[in-house]
Amino acid sequence: MADTLDRALLEWYDSRRRDLPWRRQRDPYRIWVSEVMLQQTRVETAIPYYLRWLERFPDLLSLARAPEEEVLALWSGLGYYSRARNLHAAVREVASRYGGEVPRDPDAFAALPGVGEYTAGAVLSIAYGLRLPAVDGNALRVLVRLGALEGDITRTAVRREAVRLAARLVPEDRPGDFNQALMELGGSVCVPRRPRCGDCPITAWCEARRRGLEGVLPRRTRRPAAPAVPLAAALIRDGSGRVGLARRPAVGLLAGMWGLPAFEVGAETPAGAVAAALERHLEEAHGLRVRVGPPVARARHVFSHRTWEMTAFAGDLLEAPPEGPGWRWLTPGELEGFPLPRAFSRLVEAAGLVPAAPAGRPERRRSTR
DNA sequence: AATGCGGGGAT
DNA sequence: ATCCCAGCATT
């Protein structure tokens, strides 16, 4: 076995690294896209989105030139939509300010929207070979065990300590591979519960293992359960059977995405008054005069911090709606391929307007038989 | 320093 | 049910 931690880890990585789409080249733009998609997202989830993204936006300038609507459409279903908006804005800044070349300077790169300490370290170490740490959730767990850091990892101080440890460990030679190896080790061997220390290439250096703490580290206070929030949505048809969609506000949950017009029902609204409250919401938020009828579909959607208990009410349009950038009508056929966030696509499915979507998220195939 | 922000897979 | 994922911006 190699006699230093970094050599042992790199040897392990060389023998078992996965063949991932973003590991086939070192184009900084492509590495960057992968790192943003992978923020809080599993590798297997991101891959189909990544491939489709690069087909449409093969280089930085093609993304910089694209309209935001198309960018969000390609991201839809992946979640955390500000990632897409920030990446789009950042790429435009690189195009205009840096001549289309991703800056090598860590401070300049990290100043771009959506680029934090992790993403800067990952992109610059992988694409440019800079000796920078990149500590994601997986690497954090490895580092906490390696150094037997006993503090609560939800605290900033403990995370900083882990980053300092990583900065000490990352070698001049192959820093990008080292960072990826640390992450991959956390994802496959140094897993949250019951780590497979027998398969670990750096167990000889692991302080938690030496002290018998590998099963209890990292320590973390648990999050409170997400509250359930009722959501009232309107399923409004126009004279020709099309369905009304509203663009959500630019800030907040699902910001800027399209969905059924909807609002979160507060505790002050009794169950019997929801329909009337929905009518008021449609009037105030969209200038629509609608008579809200009976509920036609229900669905539950779990976010990380709240759960929507969704009810869709049928709505009869009393008066022609105003045209505008925040409102559009789609036929059920158009709805089927439309980039809706999952919460709304599920609700529309429950209403029987479109067939249930196929398992693969990104390829919204039209009619596969 | 804590919170908001998606969606899904593993246990 | 709970945890957690190649995190970042905002407060």
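Because the structure is predicted, anything quoted here is derived from the model rather than measured.
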Q. Which residue, Ala157(A) or His305(A), contacts DNA chain B at a nucleotide closer to its 5' end, judged by nearest heavy atom?
A. Ala157(A)

**Q.** Listed nucleotide nearest any side-chain atom of Asn86(A), set dA9(C), dG7(B), dA6(C)
**A.** dA9(C)

Q: Take the protein atom CZ of Phe344(A) and the nucleotide atom C1' of dG6(B), then report the distance between them rounded to whole Å.
A: 13 Å

Q. Between dA1(B), dG6(B), dA6(C), which nucleotide has the shortest distance from any of its atoms to the side chain of Arg160(A)?
A. dA1(B)

Q: Using a 4.0 Å heavy-atom cut-off across all strands, classify Leu20(A) as base, sugar-phosphate, or nothing.
A: base

**Q.** Over all atoms of both residues, closest heavy-atom pair of Leu124(A) and Pro103(A)
**A.** CD2-O, 3.6 Å

Q. Atom CG of Leu217(A) and atom P of dC4(C): how far apart are they, to the nearest Å?
A. 13 Å

Q | Protein-nucleotide distance (Arg159(A), atom CZ; dG7(C), atom P), rounded to Å | A | 10 Å

Q.
Considering every strand and a 4.0 Å limit on heavy-atom distances, what is the contact class for Phe303(A): base, sugar-phosphate, or nothing?
A. sugar-phosphate

(Q) My understanding is that only one of Trp53(A), Tyr80(A), Phe57(A) makes a ring pair (Phe, Tyr, Trp, His ring centres under 6.0 Å) with Trp75(A); could you say which? (A) Trp53(A)

Q: Looking at every strand, decide which applies to Trp308(A) at a 4.0 Å heavy-atom threshold: base, sugar-phosphate, or nothing.
A: nothing

Q) Looking only at atom C1', what distance separates dT3(B) and dA6(C), rounded to whole Å? A) 22 Å

Q.
Is there a side-chain contact between His301(A) and the phosphate of dG6(B), meaning an N or O under 4.0 Å from OP1 or OP2?
A. no

Q | Listed nucleotide nearest any side-chain atom of Arg306(A), set dA1(B), dC5(B), dG7(C) | A | dC5(B)

Q: For Arg85(A) and dG7(C), give me the distance from atom CZ to atom P, rounded to whole Å.
A: 20 Å

Could you pull out every donor-acceptor pair under 3.5 Å between side chains of residues 259-278 of chain A and any protein atom, sequence neighbours left out?
residue, atom, partner, partner atom, Å
Glu264(A), OE1, Arg306(A), NH1, 3.0
Glu264(A), OE2, Arg306(A), NH1, 2.6
Glu264(A), OE2, Trp308(A), NE1, 2.9

Q. In terms of side-chain heavy atoms of Arg342(A), which of dA6(C), dC8(C), dG8(B) is nearest?
A. dG8(B)

Q) Which ranges of DNA chain B pair up as stems, where a stem means three or more consecutive Watson-Crick or G-U pairs with both distances under 3.5 Å? A) B:1-5 with C:7-11, B:7-11 with C:1-5

**Q.** OP1 or OP2 of dG7(C) under 4.0 Å from side-chain N/O of Gln40(A)
**A.** yes

Q: Name the nucleic acid region contacted by Arg141(A), choosing base, sugar-phosphate or nothing; use a 4.0 angstrom heavy-atom cut-off, strictly under.
A: sugar-phosphate

Q) Is it true that Arg83(A) and Glu35(A) have a side-chain N and a carboxylate O under 4.0 angstrom from each other? A) no

Q: Please identify each residue that fulfils salt bridge (charged side-chain N to carboxylate O under 4.0 Å, His left out) with Arg291(A), with sequence neighbours left out.
A: Asp316(A)

Q. Can you name the salt bridge (charged side-chain N to carboxylate O under 4.0 Å, His left out) partners of Asp152(A), sequence neighbours left out?
A. none

Q: Among the candidates dA6(C), dG6(B), dG8(B), find the nucleotide nearest to the side-chain atoms of Arg83(A).
A: dG6(B)

(Q) Filter on side chain to side chain donor-acceptor pair (under 3.5 Å), then keep only pairs touching residues 124-142 of chain A, sequence neighbours left out; what's left? (A) Ser125(A)-Asn179(A), Asn138(A)-Arg141(A)

(Q) The criterion is salt bridge (charged side-chain N to carboxylate O under 4.0 Å, His left out); which residues satisfy it with Asp173(A), sequence neighbours excluded? (A) Arg7(A)

Q. NA contact type, Ser304(A), heavy-atom cut-off 4.0 Å: base, sugar-phosphate, or nothing?
A. base

Q. Want to settle it: does Val43(A) or Leu112(A) sit nearer the 5' end of DNA chain C, counting the closest nucleotide to each?
A. Val43(A)

Q. With sequence neighbours left out, what residues match Phe178(A) under ring-ring contact (aromatic ring centres under 6.0 Å, His included)?
A. none

Q. What side chain to side chain donor-acceptor pair (under 3.5 Å) pairs are there with at least one residue in residues 97-112 of chain A, not counting sequence neighbours?
A. Glu93(A)-Arg97(A)

**Q.** Distance, C1' atom - from dC3(C) to dG6(B), rounded to whole angstrom
**A.** 16 Å

**Q.** Length of the CG-P vector between Asn138(A) and dA10(B), whole Å
**A.** 14 Å

Q: Return yes when atom CZ of Arg56(A) has more than 12 non-hydrogen atoms of other residues, nucleotides or ligands closer than 6.0 Å, and no otherwise.
A: yes

Q) What is the distance from NE2 of His88(A) to P of dA9(C), rounded to the nearest Å? A) 17 Å

Q) For Tyr80(A) and dA9(C), is the shortest distance between a side-chain N/O and OP1 or OP2 below 4.0 Å? A) no

Q.
Walk me through whether Glu117(A) and Arg160(A) qualify under salt bridge (Lys or Arg N to Asp or Glu O under 4.0 Å).
A. CA-CA 11 Å; Glu117(A) 186 180 13; Arg160(A) 269 204 305 266; over 6 Å; no

Listed pairs, N/O of protein and of nucleotides 1-3 of chain C, under 3.5 Å:
residue, atom, partner, partner atom, Å
dC3(C), OP1, Arg222(A), NE, 3.2

(Q) Please give me every residue in residues 246-268 of chain A whose heavy atoms get under 4.0 Å of an atom in DNA chain B, ordered by residue number. (A) Gly252(A), Leu253(A), Leu254(A)

Q: Mind listing the residues from residues 144-155 of chain A sitting with a heavy atom below 4.0 Å of DNA chain C? Number order is fine.
A: none

**Q.** Minimum heavy-atom distance between Ala89(A) and Pro113(A), given as atom pair plus value
**A.** CB-CG, 4.1 Å

Q. Just by distance, do the side chain of Thr41(A) and the backbone of Leu38(A) share a donor-acceptor pair under 3.5 Å?
A. no

Q. Just how far, in rounded Å, is C1' of dC8(C) from CG of Leu87(A)?
A. 13 Å

Q: Could you go through the side chain to side chain donor-acceptor pair (under 3.5 Å) check for Arg242(A) and Thr331(A) one step at a time?
A: CA-CA 4 Å; Arg242(A) 297 182 302 176; Thr331(A) 67; over 6 Å; no

Q) Within the pair Thr119(A) and dC8(C), is there a side-chain N or O less than 4.0 Å away from OP1 or OP2? A) yes

Q: Kindly point out which of dA6(C), dG7(C), dG8(B) is positioned nearest to the side chain of Arg18(A)?
A: dA6(C)

Q) Is Thr41(A) side chain donor-acceptor paired with the dG6(B) base, going by distance under 3.5 Å alone? A) yes

Q. Sequence neighbours excluded, which residues qualify as salt bridge (charged side-chain N to carboxylate O under 4.0 Å, His left out) partners of Arg209(A)?
A. Glu214(A)

Q) Hey, does Glu117(A) reach any base, or is it just sugar-phosphate, or nothing, if we go heavy atoms under 4.0 Å? A) sugar-phosphate

Q: Figure out the CD/P separation between Glu35(A) and dA6(C), and round it to whole Å.
A: 11 Å

Q) Between Glu283(A) and Arg280(A), is there a side-chain N and carboxylate O pair less than 4.0 Å apart? A) no

Q: Under 4.0 Å between any heavy atoms, over every strand shown, what does Val115(A) touch: base, sugar-phosphate, or nothing? Just pick one.
A: sugar-phosphate

